[in-house]
Amino acid sequence: MSEQGHSMPAAMEIIDDLRFDPPLAVTGNGWALISDRVMGGVSSGEMRRETVNGREAIRMTGGVSLENDGGFLQVALDLGDAGDAVDASDWDGIRLDVLGNDQIYNLHLRTSDIRRPWESYRQSFHAPSEWTTVFLPFSEFEPHRTERSFKPSRLRRLGIVAIGREFEADIAVADIRFYAASDDAEDGAASSD
């Protein structure tokens with residue numbers, strides 16, 4: 001049950017495995033490219049669906065600029081129907097199959113508790129130049145410009161973000177899903193880094 005007295009739908013394991021035509025994800029929602037231009041920045045990028053090193057992927061490329069108080073590009077996905085939250089409390093985190101340009105990127109999560117566009121829960125990860133599975137535990141997401149604690153039971157949106165410094169972004173995501181630590185231990189799939 002949510003704090004508001006009604007139960008939210010449970011989050012299914014697969015967030016997107018790219019089985020549907022772009023930009024539609026398994027959640028039933030579409031991926032969207034968002035840049036700092038929404039607040040006066042000048043970063044510019046592109047999101048496209050393509051085959052990257054043998055795998056279907058959502059790929060974000062572009063230039064991140066700090067001019068005009070900007071500094072981000074992101075591809076974002078709502079998780080529930082019509083922007084509603086899902087209950088991901090049965091899961092321990094999110095795993096991504098990523099390939100990038102050897103840079104650091106962020107995964108930003110938003111819950112139904114977040115009201116302002118600059119608030120989120122964040123975790124950084126490295127995107128190497130070969131396909132890699134990255135595990136991002138919920139326990140390691142840091143609140144950004146919010147005092148509210150992170151509640152996986154109220155998860156609303158995620159964003160894969162190039163942020164905070166001037167660089168050329170190039171990141172591809174082929175699979176994104178929730179994971180349970182016990183499942184990974186049983187499967188022998190836990191990340192070794």
Side-chain angles (χ1 to χ4, degrees), residues 1-4 8-17 25-27 29 31-36 38-39 47 58 60 64 71-80 83-100 103-128 132-165 167 169 171-185 189-193:
M1 288 284 198
S2 78
E3 293 169 15
Q4 297 167 330
M8 283 183 231
M12 305 309 292
E13 177 187 7
I14 298 171
I15 297 169
D16 198 7
D17 59 7
V26 172
T27 63
N29 299 310
W31 286 95
L33 176 72
I34 303 166
S35 78
D36 57 22
V38 299
M39 39 188 254
M47 174 187 75
I58 297 283
M60 178 179 71
V64 179
F72 76 87
L73 292 171
Q74 78 167 310
V75 288
L77 179 67
D78 285 337
L79 298 172
D84 287 342
V86 296
D87 182 351
S89 58
D90 287 343
W91 304 102
D92 293 318
I94 295 176
R95 64 173 242 207
L96 319 167
D97 288 357
V98 299
L99 179 149
Q103 295 290 320
I104 300 297
Y105 294 88
N106 280 13
L107 183 65
H108 291 188
L109 302 179
R110 293 174 59 83
T111 67
S112 55
D113 296 322
I114 296 291
R115 300 281 182 248
R116 296 178 181 95
W118 52 82
E119 298 176 326
S120 62
Y121 304 94
R122 300 178 172 191
Q123 190 170 159
S124 297
F125 64 92
H126 176 244
T132 304
T133 301
V134 176
F135 291 82
L136 302 169
F138 286 145
S139 61
E140 294 182 23
F141 279 86
E142 297 286 334
H144 178 76
R145 297 178 75 178
T146 181
E147 299 295 317
R148 296 174 184 92
S149 60
F150 176 60
K151 295 178 184 154
S153 62
R154 301 171 66 85
L155 198 55
R156 192 176 64 76
R157 174 179 253 216
L158 63 80
I160 297 159
V161 190
I163 190 167
R165 67 193 191 287
F167 75 107
I171 183 169
V173 179
D175 189 271
I176 181 167
R177 60 185 67 207
F178 295 105
Y179 74 89
S182 58
D183 293 343
D184 295 323
S191 178
S192 58
D193 36 40

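Values reported hereafter were calculated over all heavy atoms of this structure, with side chains retained and with hydrogens, waters and symmetry mates removed.
For the salt bridge (charged side-chain N to carboxylate O under 4.0 Å, His left out) test, no residue two or more places apart in sequence or in another chain qualifies with R165. Among residues two or more places apart in sequence or in another chain, the side chain to side chain contact (heavy atoms under 4.5 Å, CB included) test is passed with N106 by H108, R122, S124, V161, I163. Annotation: salt bridge (charged side-chain N to carboxylate O under 4.0 Å, His left out) contacts of E140 (sequence neighbours excluded): none. For Y105, the ring-ring contact (aromatic ring centres under 6.0 Å, His included) partners two or more places apart in sequence, or in a different chain, are F167. Applying the side chain to side chain donor-acceptor pair (under 3.5 Å) criterion to D175, with sequence neighbours excluded, gives R177. Every residue was checked against the side chain to side chain donor-acceptor pair (under 3.5 Å) condition with S139, not counting sequence neighbours, and none meets it. Applying the side chain to side chain contact (heavy atoms under 4.5 Å, CB included) rule to T27 yields the partners I15, A25, N29, L77, L79; only residues at least two apart in sequence or on another chain are considered. Applying the salt bridge (charged side-chain N to carboxylate O under 4.0 Å, His left out) test to D90 and every residue at least two apart in sequence or in another chain returns nothing. Among residues two or more places apart in sequence or in another chain, the ring-ring contact (aromatic ring centres under 6.0 Å, His included) test is passed with F125 by none. R157 is linked by a side chain to side chain donor-acceptor pair (under 3.5 Å) to D78, counting only residues two or more places apart in sequence or in another chain. Shown here are the salt bridge (charged side-chain N to carboxylate O under 4.0 Å, His left out) partners of D16, two or more places apart in sequence or in another chain: there are none. Listed by chain and number, the residues in a side chain to side chain contact (heavy atoms under 4.5 Å, CB included) with V173 are V98, I160, I176 (sequence neighbours excluded).
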